Amino acid sequence: MTQYDGKVVISLNVNGEVFEVAVRPADILLDVLREQLGLTAAKPGCLNGDCGACTIVVDGLPAKSCLMLAVEAEGHAIETVEGLGGVAAAQRAFVDGNAFQCGYCTSGFLMVCHSLKAQYPTVPEEYIIEEWLQSNICRCTSYNEIRKAVYMMYE
Amino acid sequence: MIPFNFTYCRPSTEKEAADAFAAHESEGKTPLYYAGGSEIITMCRTRSISPGCVIDIKNIPNLNLLSVDGNHLIIGTANTLTKICQSKLFPLLKLACGRIADHTNQCRITLGGNICGSIIYRETVLPLLLSDADITLFGPNGGRSASVESIFRRRLARNQNEMITQVRIPIWALDARHAHIKKTANEKIDYPLISVAALWKGETLRVAFSGLCSYPFRSKEIESVLNDRAKSIEERAQRASELLPEQAYNDSVASSEYRLFVLKNTLEKLLEGWENDSI
Ligand SMILES: Cc1cc2nc3c(=O)[nH]c(=O)nc-3n(C[C@H](O)[C@H](O)[C@H](O)COP(=O)(O)OP(=O)(O)OC[C@H]3O[C@@H](n4cnc5c(N)ncnc54)[C@H](O)[C@@H]3O)c2cc1C
Ligand code: FES
Ligand code: FES
């Protein structure tokens with residue numbers, strides 16, 4: 001059985017690279033990504049699982065990194081916007097479709113869309129797109145543009 | 001940030017988990033079983049709870065089973081709501097899971113976490129109450145099982161040191177006629193104003209509710225009224241709404257009166273769907 005007390009060094013596989021980080025078992029993945037690895041794309045918002053600003057992808061599925069311990073991420077493949085390299089279909093579609101205003105929610109939406117495309121390589125039914133997008137909130141209400149960008153991502 | 005420290009354990013069997021619980025409890029560390037973590041992390045962050053140890057049970061193989069075995073569907077309690085939806089094995093449970101939180105959270109929230117969490121809604125319990133499901137528990141004194149109906153009274157009656165490991169659902173329920181209606185106050189994704197789950201065993205309607213009172217429940221008195229098809233739909237819905245086990249829930253989202261109003265409309269819709277075969 002794995003047991004961690006006090007500060008421990010763990011390996012995290014983030015965007016295909018392995019990093020060693022010293023964490024407390026109570027450290028939240030979002031804080032470790034931002035503060036220790038300098039990966040600041042995932043944003044703190046509500047910290048309750050409601051807004052989706054902190055969304056990353058874990059083993060291919062979207063996850064709210066404010067509701068995950070860093071120690072839980074050991075052995076799993078984590079992706080953040082930094083790993084998309086500016087060239088992912090979701091990123092191109094968001095830029096071409098002007099699918100943001102202030103941009104605070106954008107990283108979260110990008111990771112949801114990136115995972116959606118990986119799970120559904122061809123455009124899924126509308127209700128599925130709606131279900132996935134409903135996990136995230138945009139205070140600037142760019143929802144129409146974001147929805148259009150999802151379809152552009154599949155063009 | 002969680003403003004205090006705890007020990008993190010990741011056992012690979014139920015026995016290891018239960019032993020770790022007992023050991024940390026005897027050290028006065030108030031351990032907690034940890035599954036999806038969504039409730040535990042939020043409550044730790046706000047200091048509503050302060051466990052000295054969390055025991056992450058989601059890597060235990062038995063808690064990840066999801067398959068039909070003879071006359072039962074077995075669902076390990078570490079399965080996420082998404083996995084249960086994707087399996088499509090129990091359509092009523094799929095509908096209930098698909099309306100809890102949002103899609104991303106469904107990829108983390110586990111069946112066990114929803115059943116044992118402190119939030120009053122526990123919407124996955126409704127299909128289990130209706131389908132004669134059993135639940136198995138495991139703790140430092142070994143394992144036991146009980147029917148959900150007998151063990152779920154307002155909340156699951158278990159010792160803190162027991163984890164729930166699996167639910168077993170008789171296969172008759174998997175392809176039984178069913179309906180699930182969740183009403184929220186504003187947004188589609190929200191806690192329920194009321195959730196109604198319905199399952200027919202043969203020609204007999206069973207119903208269970210969440211959000212209506214301060215705990216999820218199935219009521220055989222309400223079922224008997226709703227099954228009295230000699231009476232009109234309106235009469236049955238009205239009479240059923242007078243038979244709640246406690247006063248309808250009253251909070252800042254909705255008054256008791258409003259919840260009763262929504263209940264009556266929802267029951268009428270359900271009974272109409274039954275009468276005209278659209279369910
Ligand atoms: C944004 C959001 C929206 C939500 N909306 C809804 C909703 O609409 N309807 C609804 O019903 N719920 C809703 N919930 C509540 C959610 O289902 C619960 O918080 C649930 O507890 C989370 O499951 P988890 O696996 O993350 O639990 P955890 O946080 O891991 O655990 C929660 C509790 O359950 C205990 N526990 C977990 N697994 C076991 C087990 N196998 N045996 C014994 N004890 C166990 C833990 O010790 C802890 O006390 C929502 C939650 C969030 C974050
Ligand atoms: S910051 Fe994680 S969901 Fe809002
Ligand atoms: S673009 Fe500002 S919050 Fe979405």
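It should be emphasised that the depicted structure is a prediction, and the values quoted were computed from it without experimental measurement. Computation of the quantities below employed the complete heavy-atom set of this structure, encompassing side-chain atoms and omitting hydrogens, waters and symmetry-equivalent molecules. Every chain is numbered from 1, with letters handed out A, B, ... down the list of sequences.
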Measure the CE-CD distance between A:Met152 and A:Glu145 for me, rounded to the nearest 0.5 Å. 11.0 Å

Let me confirm one number: the OG-CZ distance from B:Ser118 to B:Arg155, rounded to the nearest 0.5 Å. 7.0 Å

Taking the side chain as C-beta and beyond, is there a heavy-atom pair between B:Lys188 and B:Arg99 under 4.5 Å? yes

Side-chain ion pair, B:Asp102 and A:Lys64, N-O less than 4.0 Å: yes

Donor-acceptor pair between A:Asn48 and B:Arg45 side chains, under 3.5 angstrom: yes

Per-residue contact mode, A:Ile28 against chain B (heavy atom under 4.5 angstrom): side chain

Per-residue contacts, residues 76-111 of chain A versus chain B, heavy atoms under 4.5 Å: none

Under 4.5 Å heavy-atom distance to chain A, tell me which part of B:Ser38 shows up: side chain, backbone, both or neither. both

Do the ring planes of B:Tyr8 and A:Tyr4 sit parallel (below 30°), tilted (30 to 60°) or perpendicular (above 60°)? parallel

Quick check on A:Val112 against chain B: is it the side chain, the backbone, both or neither that has a heavy atom closer than 4.5 Å? side chain

Is it the backbone or the side chain of B:Asn5 that comes under 4.5 Å from a heavy atom of chain A, or both, or neither? both

Going through the distances and angles, do B:Ser255 and B:Asn250 end up as a side chain to side chain donor-acceptor pair (under 3.5 Å)? CA-CA 5 Å; B:Ser255 62; B:Asn250 193 14; 5.1 Å; no

Heavy-atom side-chain proximity of A:Lys148 to A:Met153 below 4.5 angstrom: no

Quick check: closest heavy atoms across A:Leu30 and A:Pro44, and the distance to 0.1 Å? CD2-CA, 3.8 Å

Which pair of heavy atoms, one from B:Asn59 and one from B:Asn64, lies closest together, and at what distance? C-ND2, 4.0 Å

Please flag which part of A:Asp31 lies under 4.5 Å from any non-hydrogen atom of chain B: side chain, backbone, both or neither. side chain

Between B:Thr80 and B:Gln106, is a side chain to side chain donor-acceptor pair (under 3.5 Å) present by the stated rule, with each step listed? CA-CA 6 Å; B:Thr80 61; B:Gln106 287 162 16; over 6 Å; no

Identify which of B:Ile189, B:Ile55, B:Thr82 forms the greatest number of heavy-atom pairs closer than 4.5 Å to chain A. B:Ile189

For residues 26-35 of chain B against chain A, heavy atoms under 4.5 Å, the residues are B:Lys29, B:Tyr34, B:Ala35

What's the separation between atom SG in B:Cys107 and atom CG in A:Asp59, rounded to the nearest 0.5 Å? 11.0 Å

Rounded to the nearest 0.5 Å, how far apart are OG1 of B:Thr124 and CG of B:Leu81? 7.0 Å

Please look at B:Ile41 and chain A and tell me whether the side chain, the backbone, both or neither of the residue comes under 4.5 angstrom of a heavy atom of that chain. side chain

For chain B, the option from A:Cys66, A:Gly49, A:Ser135 that forms the most heavy-atom pairs under 4.5 Å: A:Ser135

